Each structure stands twice: as structure tokens, then as C-alpha cells.
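Presented below is the structure to which this report refers.
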Amino acid sequence: MTGITRRRFVGTAAAVGLGATLLPRGLRAAEFSYKMANNLALSHPMNTRLKEAADRIREGSGGKVDIQIFPNSQLGGDTDMLSQVRSGALEFFTLSGLILSTLVPVASINGIGFAFKDYGQVWKAMDGDLGNHVRQAISKVGLVAFDRMWDNGYREITSSGKPILKPEDLVGFKIRVPVSPLWTSMFKAFGSSPASINFAEVYSSLQTKIVEGQENPLAIIQSGKLYEVQKYCSMTNHMWDGFHFLANAKAFAELPKPMQDLVQESFNKSALDERADVASMNDGVKADLTAKGLIFADPDPQPFRDALKKAGFYAEWKQKYGDEAWALLEKNVGSLA
Ligand code: X2X
């Protein structure tokens with residue numbers, strides 16, 4: 001029986017005067033009915049794994065903790081959902097660290113251009129000292145960030161009119177970026193005209209040509225059907241982006257400790273599963289997107305990195321984050337100067 005059917009059944013039973021205690025075991029209303037929301041399509045591995053975690057939690061808590069997943073920005077764009085999880089209207093939410101930085105500035109640090117050479121560096125830093133530093137900052141704004149981030153991926157640039165093959169192609173380029181000072185700053189450093197738009201409106205803004213291009217990992221270009229409204233994809237790998245699993249601190253504290261542990265462990269386990277899914281799908285996704293008509297290019301990343309350096313991008317962000325956070329980043333990825 002699905003969660004929805006069960007809730008309807010419970011609702012009906014209550015309406016006709018049956019107490020919850022009269023309901024058979026397993027049909028009891030949950031003690032904690034929580035909502036989890038995200039901006040990704042149902043077909044993205046994140047949503048498959050979130051559902052698995054919610055099922056494990058329901059089972060492991062004997063039905064007491066019932067978490068309903070709302071994918072695809074159903075509850076609003078990222079900036080709306082961030083307000084909701086802060087106010088408690090929403091209990092759980094996955095959000096890119098870069099967007100979270102509108103509230104917790106250091107949370108965008110993993111998105112510094114061309115910082116992480118590979119996933120080995122990414123997970124060592126984000127499961128370790130750099131991630132802990134960010135999670136600590138998140139804990140000061142009424143949110144709990146679980147220990148394991150979920151993979152979004154290395155981001156690639158797509159476009160409709162012309163392929164992006166060298167940094168000069170980005171000059172004057174109208175590109176959608178998520179709502180985050182780091183994204184805006186990075187594409188301004190390239191000389192582009194970035195427009196801050198929540199993911200919920202990306203497809204339509206590309207379709208109506210409000211913007212010429214956007215940048216996202218391949219799994220999102222596929223699950224968001226962006227290939228339908230874009231022609232070229234340049235494998236720039238210009239930053240690594242991941243999602244923090246956020247809980248409203250008050251709602252999380254209301255769960256008894258064993259249930260807090262169950263919830264945290266389940267989502268952390270599913271995060272690792274989702275990372276493996278994204279890693280194993282990338283080659284297949286590229287073939288699928290090519291078959292769907294997207295034209296790929298593999299530009300040399302070095303001139304892009306040099307352009308950022310020349311524009312003072314690294315120096316500016318080092319100053320913004322401060323020495324402590326920057327030193328943690330460089331400890332993990334080497335010197336960025
Ligand atoms: O908004 C985006 O581009 C996305 C889906 O990658 C993020 O959540 C940052």
C-alpha cells in the first residue's frame with residue numbers, strides 16, 4: 001500500500017470516528033510525518049535513493065517516522081524551499097552548497113572554479129575537514145547538515161547558438177546560473193552575462209531564449225531534459241557541486257534519539273549509494289545525450305582556469321572566505337594561487 005493510500009485511509013477512518021488505535025498494525029498514523037523536498041526530476045538517482053531511505057526509516061521505526069518526498073521543485077524553487085526548511089514548513093531539504101551560501105557564506109567553497117582534480121579529492125575533503133568546517137557553519141543557522149553530501153557532479157556548459165570551446169566564447173554569453181554570489185562572480189570573471197534563475201525555471205528560460213545557455217552535470221542535463229532546448233555541451237568540468245542534506249534543527253530534535261540516528265544513518269547510506277549511481281552512469285549518459293542530438297566538445301580547461309586567475313577570481317574569493325577556510329581548501333586540492 002502506498003503512503004498516499006494509507007494516509008487517505010487513515011483520514012477516512014478518523015472521519016467516521018474510528019480511533020487510530022482501532023486500526024490494524026501498520027495502518028497506524030505516523031507519530032512524525034515529515035516532508036523532504038528537492039529540485040530534481042523523479043528519474044534522477046537522488047530521488048530513487050531518497051525514497052529507499054524513507055522506506056527504510058518507515059520500516060525501521062515501525063511506521064512512526066513517515067517521510068514523504070516532494071521532488072521536482074513541487075514545493076517551490078530552491079530559494080523558497082530554503083525559507084521553508086528554515087521556518088519549519090519543510091523538515092528536510094537537499095540544497096547545493098553554493099545556493100546555501102546566500103545564508104552560510106562559506107558553504108559555496110567547494111564550487112571554486114577548477115579546484116578539485118577528481119572525486120578522490122572531492123570526497124576526502126567534503127567527508128572530512130573542509131566538509132566539517134562547512135557543516136559547523138550551517139549548524140549556526142538553525143539547520144543540521146548530515147555528514148554525507150549527495151553528488152550533483154562536475155558541471156558542464158550547454159548552449160544553443162554556438163559551442164563554448166575557449167574562454168573568449170563566454171564573453172557576452174547569456175548564461176543561466178543558480179542563485180548564488182559565487183556563480184555570478186565566476187561567470188562575470190569570464191565576461192559573461194549571468195542571470196540568476198532557480199532550477200524550476202531553467203527549462204522554460206532556455207526554451208524561450210531568455211538565456212542562451214546554462215551549466216549543469218550530465219545527470220541533470222539528462223533528467224531535466226535540457227537536451228531538448230540545447231544544442232551543444234562543452235565538457236568544461238569547471239566546478240564540482242554537491243547537495244547538503246539539511247534538516248530543520250527543531251524538527252530534527254523532536255525525534256527521539258534512536259530515530260534521529262536511524263534517519264541520519266539511512267540518509268547517509270543512501271547518499272553513498274547515490275554517489276555510486278552518478279559515477280557509474282556518466283559514460284552511458286553521454287552516449288544517450290549524443291543519441292538525442294547534443295553535440296559534445298572537450299575543450300582544454302587550462303585557458304578557462306587562466307582566465308579566472310587573470311580576472312582576480314581566486315584572490316577575491318580567498319579574501320571573502322578568509323584564511324582558515326581557504327587553507328582547508330588548499331590543503332585538499334593544492335595551491336590555487
Ligand atoms: O540548479 C541547478 O542547476 C542544480 C540542479 O544543479 C542545483 O541544484 C544547483
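Remember, it's 1-based here, ligands and their atoms both numbered in the order they're listed. Small disclaimer: the values here were computed from a predicted structure and weren't measured. Note that these values count all heavy atoms, side chains included, but never hydrogens, waters or copies made by symmetry.
- Judged by distance alone, the side chains of Asp78 and Asn39 do bring a donor and an acceptor atom under 3.5 Å apart.
- Cluster membership for Trp150 and Met36, using ILVMFWY side-chain heavy atoms within less than 4.5 angstrom, is shared.
- The side chain of Arg155, and not its backbone, has at least one atom closer than 4.0 Å to an atom of ligand 1 (non-hydrogen atoms only; side chain from C-beta on).
- A heavy-atom separation below 4.0 Å is found between Arg176 and ligand 1.
- Regarding atom 8 (O) of ligand 1, its nearest protein heavy-atom neighbour is Asn39 ND2, 2.8 Å.
- Annotation for ligand 1: atoms under 4.0 Å from non-hydrogen atoms of Phe243 are 8 (O).
- In the hydrophobic clustering of ILVMFWY residues, with side-chain heavy atoms under 4.5 Å counting as a link, Val263 and Val85 come out apart.
- The contact set between ligand 1 and Phe199, taken as ligand atoms under 4.0 Å from a residue heavy atom, comprises 1 (O), 2 (C), 3 (O), 5 (C).
- At a threshold of 4.5 Å between non-hydrogen side-chain atoms, the residues Phe313 and Met186 count as touching.
- In this structure, Tyr34 and Phe32 have perpendicular ring planes: the angle between them is above 60°, well past the 30° mark.
- With ligand atoms numbered from 1 in the order given, ligand 1 contributes 1 (O), 2 (C), 3 (O) to contacts under 4.0 Å with heavy atoms of Pro178.
- Smallest separation of non-hydrogen atoms from Ser270 and Arg56: OG-NH2, 2.8 Å.
- Taking the six-membered ring where the residue is Trp, Trp240 and Phe116 present perpendicular rings, their angle passing 60° and hence far from 30°.
- Contact atoms of ligand 1 toward Trp183: 9 (C) (distance under 4.0 Å to a heavy atom of the residue).
- In this structure, the protein non-hydrogen atom closest to atom 9 (C) of ligand 1 is Asp241 OD2, 3.4 Å.
- In summary, the atoms of ligand 1 found under 4.0 Å from a heavy atom of Asn216, numbered by their order in the structure, are 2 (C), 3 (O), 4 (C), 5 (C), 6 (O).
- Residue contacts with ligand 1, taken as heavy atom pairs separated by less than 4.0 Å, involve Asn152 solely via side-chain atoms from C-beta onward.
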